[in-house]
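A short worksheet on the structure shown next.
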Amino acid sequence: MPENTWWKRGIVYQIYPRSFQDSNGDGIGDLEGIRRRLDHLAWLGVDAVWLSPFYPSPMADFGYDVADYCGVDPIFGSLGDFDRLVGEVHGRGLKLIVDFVPNHTSDQHEWFKESRSSRGSPKRDWYIWRDPAPGGGLPNNWNSNFGGPGWTFDAATGQYYYHAFLKEQPDLNWRNPQVRAAMHDVLRFWLRRGVDGFRVDVIWHLMKDEGFRDNPVNPAYQADQPDINRTLQIHSTDQPEVHGIIAGMRRVLEEFDDRVLIGEIYLPLDRLVTYYGENLTGAHLPFNFQLIHMAWRAQDIAALVEEYEGAIPPGGWPNWVLGNHDQARIAVRVGAAQARVAAMLLLTLRGTPTMYYGDELGISRVEIPPDAVQDPWERNEPGLGLGRDPQRTPMQWDGSPNAGFTTGRPWLPLTPDHGTRNVAMMQEDPSSILNLYRRLIQLRRRHLALSVGDYVGAHADGQVFAYERRFGTERLLVALNFGHAAQAVPLPEGVAGARVLLSTHASGEPAIHGQELALRPDEGVVLALS
Ligand code: NOJ
């Protein structure tokens, strides 16, 4: 794989289709809406778009409950709309990545309807059916990630089926070769339609312990935590056999040119990096969510970057993610000033960055009134702050009603400041975070050191994390102030000169006195060293 192939060099932009652009006034975004907004992505300068699911679905989990893997839900449009979208995405030199949800289907999928119809059904073994425990009750102690037990009893056939998520999302049995073959054909269906890759939902869940042993109880569980934290998921997820399944998907992708396999994996670093697979036969990019969970402190982030860089197997390519549709937005987690520093971090670390729609506007906290809650997790386990609606609110385009997202009633509220926090207004303001994102992306494109260059840790103490990116003779220094006070940063030894290429501050420049850089509060800079 060449060092500068698109998914190594490029920037991935995640779109949550319900929330990007509505084209028919039903208050929900759709594929045609996305097509009409491709100018924004081109203006911003990203390279690839990842679409969360748009497949036919009862929407119990907003599309992560798929009822037909080879179609488009009428809410989002048609296959014709999809084909038009792929064509235009490619016409602009961009790539299109789609979501693949192989761990579970909807309970309305024909496969599950057939499977649950009788114990003797030819598709019975396509899902995970177990007898009640001796004496009755749940087959084991596995919990659902969305609260309550992971097993639901089917009275008609007298067995339980397993669902790692909602009861409307029964888990497929990937030990069954027919399931594997059918799902490989789904991949081929979309690959032939031109998609450039897949983001694979909960890929570390695909295989479960063959003996269905109980998970150990979590000694650290506390009552204010979600149900899923009651036990440690060591038998229900991350089984050694999963790597063979992923290698199988990878082989399907390799029937086609230059496609990418991205895996969604929430595991500690040492486990995460096993998903590159033996001899790199696994995911090209096992999603690295470590920045989402790490305390926002210079030394912790520096230590994380070093540890991650050191853990990646030879030839494996790193990647970084700041947010997605399941996690509180970055501006909520770190505040408006540090969200700018976070943007610089994301776009200057070594590895493919994935950015989340709306983060380029600095969208922050959106209050969801109780009667507007949509997320099933929030409904199942209310009051714990688990709801994911706040990070799924509509994109804000301009000063018109509903910020140009819809002519109808948006399915979730916009931010209260959408009259000014929108693409049209912020494009005109050189100091906006939107223009900062664009400048960072342009800088990354201009300097190969920032995309494919080496990473060299330089300095981490107190509030500052600084690192170099090097390519050929070029040396760039990125210095990030994670604090709200000014900081002095020593330049690397032997450096004769330093020139500011970009600051996260809209005006002025940080002072450089001899061998010392004076960072202003909450400032990040990229310097060219000589
Ligand atoms: C991870 C997805 O990102 C999330 O939105 C979904 O609820 C679960 N997987 C279940 O598919």
Side-chain angles (χ1 to χ4, degrees), residues 12 14-20 29 50-69 73 76 97-109 112 127-128 142-148 150 152 161-172 174 183 186 198-206 208 226-228 233 236-238 242 262-267 272 275 283 285-289 292-293 319 321-329 354-358 373-381 384 386-393 411-412:
V12 179
Q14 181 190 354
I15 289 179
Y16 195 66
R18 289 183 78 84
S19 299
F20 205 59
W50 151 35
L51 300 180
S52 282
F54 48 78
Y55 312 109
S57 165
M59 304 289 164
D61 188 22
F62 294 108
Y64 283 95
D65 48 325
V66 178
D68 171 6
Y69 286 107
D73 194 283
F76 296 122
I97 298 166
V98 298
D99 223 298
F100 178 51
V101 190
N103 181 67
H104 42 267
T105 68
S106 162
D107 63 348
Q108 298 308 305
H109 196 294
F112 187 69
Y127 292 83
I128 299 174
W142 295 0
N143 291 112
S144 156
N145 282 268
F146 289 149
T152 289
Y161 65 89
Y162 177 63
H163 49 89
F165 294 88
L166 299 174
K167 68 176 181 355
E168 294 85 357
Q169 293 167 295
D171 278 40
L172 282 162
W174 274 82
M183 293 302 268
V186 172
F198 300 92
R199 171 272 191 190
V200 185
D201 192 62
V202 296
I203 204 168
W204 84 108
H205 273 256
L206 292 180
K208 345 288 179 193
D227 264 2
I228 189 65
Q233 317 300 302
S236 48
T237 68
D238 192 27
V242 75
I262 305 176
E264 186 204 24
I265 300 148
Y266 285 94
L267 285 174
L272 171 66
Y275 283 75
L285 302 174
F287 255 154
N288 166 17
F289 299 127
I292 293 176
H293 302 296
N319 76 91
V321 182
L322 274 184
N324 59 41
H325 62 292
D326 296 325
Q327 306 294 335
R329 281 194 179 270
T354 299
M355 50 180 293
Y356 185 50
Y357 87 94
V373 168
Q374 306 280 338
D375 183 16
W377 197 10
E378 175 67 24
R379 291 181 181 203
N380 283 357
E381 298 189 87
L384 301 179
L386 302 171
R388 299 169 295 174
D389 295 330
Q391 51 267 28
R392 297 175 177 182
T393 63
W411 77 288
L412 279 172

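This one's a predicted model, so the numbers in the text were calculated from it and none came from an experiment. All values below were derived from every heavy atom in this structure, side-chain atoms included, with hydrogens, water molecules and symmetry-related copies excluded. In each ligand, atom 1 is the first atom listed, and ligand 1 is the first ligand listed.
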What protein heavy atom sits nearest [atom], and how far away is it?
| atom | result |
| --- | --- |
| atom 6 (C) of ligand 1 | D61 OD2, 3.3 Å |
| atom 1 (C) of ligand 1 | D201 OD1, 2.9 Å |
| atom 3 (O) of ligand 1 | D326 OD2, 2.4 Å |

Numbered atoms and elements of ligand 1 in range of [X], under 4.0 angstrom, heavy atoms:
| X | answer |
| --- | --- |
| R392 | 5 (O) |
| H325 | 2 (C), 3 (O), 4 (C), 5 (O) |
| H104 | 10 (C), 11 (O) |
| R388 | 4 (C), 5 (O), 6 (C), 7 (O) |

Using every non-hydrogen atom in the two residues, find where [X] and [Y] come nearest and quote the distance to one decimal.
| X | Y | answer |
| --- | --- | --- |
| H205 | A164 | ND1-CB, 3.8 Å |
| L272 | P286 | CD1-CB, 3.9 Å |
| Y127 | T105 | OH-OG1, 2.8 Å |

**Asked** Is the shortest distance from a Lys or Arg side-chain nitrogen in D73 or R18 to a carboxylate oxygen in the other one below 4.0 Å?
**Response**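 No, D73 and R18 are not salt-bridged.
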With heavy atoms under 4.0 Å as the rule, classify the contact between [X] and ligand 1 as side chain, backbone, both or neither.
| X | value |
| --- | --- |
| F146 | side chain |
| Q327 | neither |
| H163 | neither |

**Prompt:** Strictly under 4.0 Å, does any heavy atom of R199 approach an atom of ligand 1?
**Reply:**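 In this structure, R199 qualifies as a contact of ligand 1 - some heavy atom is under 4.0 Å.
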**Message:** Is the shortest side-chain heavy-atom distance between F54 and V98 below 4.5 Å?
**Reply:**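 F54 vs V98: side chains touch.
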**Mutual orientation of the aromatic rings belonging to W50 and F287 [parallel < 30°, tilted 30-60°, perpendicular > 60°]** =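 The rings of W50 and F287 sit tilted, inter-plane angle from 30° to 60°.
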**Request:** Could you tell me how the ring of W142 sits relative to the ring of Y162: parallel (under 30°), tilted (30 to 60°) or perpendicular (over 60°)?
**Result:**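 Rings of W142 and Y162: perpendicular, over 60°.
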**Prompt:** Are R329 and Y357 in a cation-pi setup, meaning NZ or CZ lies under 6.0 angstrom from the ring centre and within 45 degrees of the ring axis?
**Reply:**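 Judged by the rule, R329 and Y357 form a cation-pi pair.
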